[in-house]
Asks: 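Quick one: structure below, then a few questions.
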Amino acid sequence: MTWIRHRLTEMLADAVLPLSPAVMGGSPEAVAVDLEIPSLAQHGDFATNVAFALTRQLRRSPREIAAQILNNLTDSNQIIHRVEIAGPGFINFFIQPTAWHEALLRLLQNPVAYGRQDLGKGRRIQVEFVSANPTGPLHIGHGRGAATGDVLANILAACGFQVTREYYINDAGNQMDTLGRSLYYRYQELLGETIVFPEGHYQGEYLRELAQEFHEQYGNRYRQTPLEEVLPLFTGFASSHILDGIKDDLNAFGVQFDHWFSEQSLHHADAIHQTIEAMAAGGFVYDREAARWFRSTAFGDEKDRVVIRSNGVSTYFAADLAYHRDKFQRGFDTVIDIWGADHHGYVDRMLAGVQALGRNRDDLRIILVQLVNLLRGGKPVAMSTRAGEFVTLREVLDEVGKDAARFLFLTRRSDSQLDFDLEVAKSQSNDNPVFYVQYAHARLCSIFEVARERGVPYLRPDGSDPSSLDRLTLPEELAIIRLLDEYPQVLTKCATTLEPHFIPYYLHELVSLFHSYYNHNRILSEDVALTQARLAMADAVRIVIHNAMELLGVSAPEKM
RNA sequence: GCGCCUGUAGCUCAGGUGGAUAGAGCAACGGACUUCUAAUCCGUAGGUCGCAGGUUCGAAUCCUGCCAGGCGCGCCA
């Protein structure tokens, strides 16, 4: 994996270390060298600016340092064709074509595993995402969070972490009563009562439908019953049906959770008070004005937070503390929370809570996903939860499909707002990035199909004959292999930064190189050896597209 | 008022632990289908990286201030 890059990085570290062992940390592993792919082909396959970084410590010019590094360089694998010192002190590497061929062979020998790595070393990591309140259907913003969390979980699993996906159900608190009352009113309304809908209740159309379902099940039985007597029934009916709908929607979106965690279970288990006691034992809890407070300012929060109100009822935050304590008690090394960016004011207190519970601040990673602006043909689509006119995830899925929705959600950095245009997502044309990638995959599959029809027997090279790829000599071919070799590195970057958007960008770049190559070169020709070599390269491109799309949860069709 | 995020080509956005001439898609303009899928490709044009200072041999990237947009700032969830 990332074979050439790794070899080169190791060689460089070995060459840099003798210059100043003390500064470099004493071992080749501790030497940080950054290899980049230059934007200009004349600057080689890889370049490094490591000589610049050492100028201060070594008190010599970058070019002198670069020269010394080159003196120390031992190319035991014979992967370097040429190396040069360029400009003010860059070191440019030109790789042997045979080394690229070897990298390609390695990829083809284990296609399914290509990209997989052991960054996580089996550490347990939990990704909690969506966690929308069961008071209404998922909207498009939840879709972005769902795609981000799901794909991040896929990536982390591919990188050697043991991943659990979890959904936290906020099935406690005032909002549940509000939901139950809202359904009660809609039910009364359905039975012909004149209802003045009170402020602050859920007025979405989905509650009318729910009232219908309720009526089908219970008839007119509760027409005369006072609200207080039947509220739990209405609340339970509404939340369970809405949660079922959420599960269906997520299923349709290709997202599956390992665990659904109920907030109520914390209340039943007295976990909230136990958590507060645990924090009190550390001296982080005090009483004031008849309430109990968490001293979150001890960990950088801007003010302390109430955990038990003066009326004796715990806050939502207290439950969340208990929830996170529970997560860590279940043995996760790292916990990732994916939240809508409108909750950012909550981050500091949560991180403070984690520390008060005896964990490191870094054990909880909070990812804020910015909001989605829904557009249709460039014009904003109105979304208002209050009036119940929001666009649901389901509607978007029905209109544009899972593939386009997932891909588009992942083409932006999480902390950047996203314009989601339904017309673009729907269009089966070149302004839709998902089709660009899918088309390349279908095209590749079609090449192999035609090869079969023509009776050209492609055999995936098994590595026994390294010379089988000698015919791949074009710069475009070597550039494609170089990018294929980068794929594991892309996953590493995603896993480290917890940002999945590098994958769509990588795919676009890879596919763009392939489309261009396809338009200028013929893969199937009379030349048998050349055809075999080019098919092997095409095979590898297809494999990487397939693997990457699998991580994104987007289909890679064989025909379009 | 305070805090977080954002500001890069006409539009939508990558790049952000400082490094060579700042990238891509869309839109615009001009080309390429008797050939393995033209849902593709090739070319042209398009930039004071919000503004102003600072640090540095070197800043889109780091620091400070300002401007603009988004979102928060409950003993709600």
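Residue numbering restarts at 1 for every chain, and letters A, B, ... go by the order of the sequence lines.
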Asks: What do you reckon, are the aromatic ring centroids of A:F129 and A:Y167 less than 6.0 Å apart?
Replies: no

Asks: Quiz question: going by heavy-atom distance under 3.5 Å, is there a donor-acceptor pair between the base of B:rA77 and the side chain of A:D177?
Replies: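 Result: no qualifying N/O pair found.
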
Asks: State the pairing partner of B:rU64; accept Watson-Crick or G-U wobble contacts with both distances under 3.5 Å, and report none otherwise.
Replies: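 Pairing partner, where one exists within any strand: B:rA52.
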
Asks: With syn defined as a glycosidic angle within 90° of 0 and anti as the rest, where does B:rC33 land?
Replies: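 Here the answer is syn: the torsion falls within 90° of 0.
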
Asks: In whole angstrom, give me the gap between the C1' atoms of B:rU17 and B:rA52.
Replies: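 Straight-line distance between the two C1' atoms is 26 Å.
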
Asks: Rounding to a whole Å, what distance do you find between A:N521:CG and B:rC41:P?
Replies: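 Distance, rounded to whole Å: 14 Å.
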
Asks: Report yes if a side-chain nitrogen or oxygen of A:R309 is closer than 4.0 Å to either non-bridging phosphate oxygen (OP1 or OP2) of B:rG74; otherwise report no.
Replies: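 It does not, given that no N or O in the side chain of A:R309 lies less than 4.0 Å from OP1 or OP2 of B:rG74.
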
Asks: For A:Y518 and A:F514, take the angle between the two ring planes, folded into 0 to 90°, and tell me which bin it lands in: parallel under 30, tilted 30 to 60, perpendicular over 60.
Replies: tilted

Asks: Regarding A:A319, tell me which of base, sugar-phosphate or nothing describes its non-hydrogen contacts under 4.0 Å with the strands shown.
Replies: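 The answer is nothing, as A:A319 stays clear of every strand by at least 4.0 Å.
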
Asks: Please name all residues satisfying salt bridge (charged side-chain N to carboxylate O under 4.0 Å, His left out) with A:D527, sequence neighbours left out, ordered by chain then number.
Replies: A:R471

Asks: Please report whether the ring centroid of A:Y184 lies less than 6.0 Å from that of A:F234.
Replies: yes

Asks: Decide if the gap between the ring center of A:Y286 and the ring center of A:F294 is smaller than 6.0 angstrom.
Replies: no

Asks: Quick one: which of B:rU37, B:rU35, B:rC41 gets closest to the side chain of A:R522?
Replies: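 Selected nucleotide: B:rU35.
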
Asks: Can you check the A:D301 CG to B:rC2 P distance for me, whole Å?
Replies: 18 Å

Asks: Check this one for me: any side-chain N or O of A:R443 less than 4.0 Å away from OP1 or OP2 of B:rA38?
Replies: yes

Asks: State which of B:rA39, B:rC75, B:rU40 makes the closest approach to the side chain of A:S310.
Replies: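 Closest of the options to the side chain of A:S310: B:rC75.
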
Asks: A:S516 side chain N/O closer than 4.0 Å to the phosphate oxygens (OP1, OP2) of B:rC42?
Replies: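 Checking A:S516 against B:rC42: at least one side-chain N or O falls below 4.0 Å of OP1 or OP2.
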
Asks: Can you tell me how far P in B:rA27 sits from the matching atom in B:rG65, rounded to whole Å?
Replies: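 42 Å, rounded to whole Å.
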
Asks: Rounded to whole angstroms, how far apart are CG on A:N92 and P on B:rG19?
Replies: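 Value for this atom pair: 15 Å.
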
Asks: Strictly below 4.0 Å: does A:S416 bring a side-chain N or O up to OP1 or OP2 of B:rA14?
Replies: yes

Asks: Tell me the partner of B:rG19, counting only Watson-Crick (N1-N3 plus N6-O4 or O6-N4) or G-U wobble (N1-O2 and O6-N3) with both under 3.5 Å; none if nothing fits.
Replies: B:rC57

Asks: Are A:F94 and A:F46 near enough that their ring centres are under 6.0 Å apart?
Replies: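 They do not qualify: ring centres at least 6.0 Å apart.
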
Asks: Could you tell me whether the side chain of A:H344 has a donor or acceptor atom within less than 3.5 Å of a complementary atom in the base of B:rC5?
Replies: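 When only heavy-atom distances are counted, A:H344 does not reach the base of B:rC5 through any donor-acceptor pair under 3.5 Å.
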
Asks: Please tell me if A:R413 has a side-chain N or O lying less than 4.0 Å from either OP1 or OP2 of B:rG15.
Replies: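 Yes, A:R413 has a side-chain N/O under 4.0 Å of OP1/OP2 on B:rG15.
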
Asks: Taking atom P in both B:rA45 and B:rU64, what distance in whole Å separates the two?
Replies: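 It works out to 40 Å between them.
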
Asks: Could you work out which one of B:rU37, B:rA77, B:rC36 sits closest to the side chain of A:Y346?
Replies: B:rA77

Asks: So, does A:Y436 get its side chain near the phosphate of B:rC41, meaning an N or O under 4.0 Å from OP1 or OP2?
Replies: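 For B:rC41, OP1/OP2 do have a side-chain N/O of A:Y436 under 4.0 Å.
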
Asks: Can you tell me, in whole Å, how much space there is between the P of B:rU34 and that of B:rA39?
Replies: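 Pairwise P distance, B:rU34 against B:rA39, rounds to 14 Å.
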
Asks: Given atom CG of A:L368 and atom P of B:rC73, what is their separation to the nearest angstrom?
Replies: 14 Å

Asks: Quick check for you: among B:rC5, B:rC73, B:rU40, whose closest atom lies nearest to any side-chain atom of A:E302?
Replies: B:rC73

Asks: Strictly by Watson-Crick or wobble contacts shorter than 3.5 Å, is anything paired with B:rG3, and which nucleotide is it?
Replies: B:rC71

Asks: Rounded to whole angstrom units, what separation is found between the CG atom of A:D419 and the P atom of B:rG7?
Replies: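 Going from CG in A:D419 over to P in B:rG7 covers 14 Å.
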
Asks: Using both distances under 3.5 Å as the test, list the Watson-Crick or G-U wobble partner of B:rC26, or none.
Replies: B:rG10

Asks: Provide the Watson-Crick or G-U wobble partner of B:rA39, both distances under 3.5 Å; none if there is no partner.
Replies: none

Asks: Hey, does the side chain of A:Y439 come within less than 4.0 Å of B:rA39's phosphate (OP1/OP2), counting only N and O?
Replies: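 Answer yes for this pair, as a side-chain N or O of A:Y439 is under 4.0 Å from OP1 or OP2.
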
Asks: Roughly how far apart, to the nearest Å, are B:rG31 and B:rG47 at atom C1'?
Replies: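 Looking at atom C1' only, B:rG31 and B:rG47 are 26 Å apart.
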
Asks: Can the ring centroids of A:Y436 and A:H508 be said to lie less than 6.0 angstrom from one another?
Replies: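 Between A:H508 and A:Y436, which both carry aromatic rings, the centre distance is below 6.0 Å.
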
Asks: Would you measure the distance from the P atom in B:rA28 across to the matching atom in B:rA22 and give it in whole Å?
Replies: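 That atom pair is separated by 27 Å.
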
Asks: Rounding to an integer number of Å, can you tell me how far A:D415 CG sits from B:rG15 P?
Replies: 9 Å

Asks: Round to the nearest Å and state the distance from A:L40 atom CG to B:rA20 atom P.
Replies: 10 Å

Asks: For nucleotides B:rU61 and B:rG7, find the distance between their P atoms and express it as a whole number of Å.
Replies: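 To the nearest whole Å, 12 Å.
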
Asks: Got a donor-acceptor pair under 3.5 Å from the side chain of A:S446 to the base of B:rC36?
Replies: no

Asks: In whole Å, what separates the C1' atom of B:rC2 from that of B:rU8?
Replies: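 Per the computed distance, 29 Å lies between those C1' atoms.
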
Asks: Could you give the CD1-to-P distance, from A:I308 to B:rC76, as a whole number of Å?
Replies: 12 Å

Asks: I want to check one thing: is the phosphate of B:rG15, taken as OP1 and OP2, less than 4.0 Å away from some side-chain N or O of A:H501?
Replies: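 Yes, A:H501 has a side-chain N/O under 4.0 Å of OP1/OP2 on B:rG15.
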
Asks: In terms of side-chain heavy atoms of A:L524, which of B:rA14, B:rC75, B:rC36 is nearest?
Replies: B:rC36

Asks: Take the angle between the ring planes of A:Y168 and A:F261 and call it parallel below 30°, perpendicular above 60°, tilted in between.
Replies: tilted

Asks: Taking the side chain of A:H508 as heavy atoms from C-beta outward, which of B:rA24, B:rC57, B:rC41 is closest to it?
Replies: B:rA24

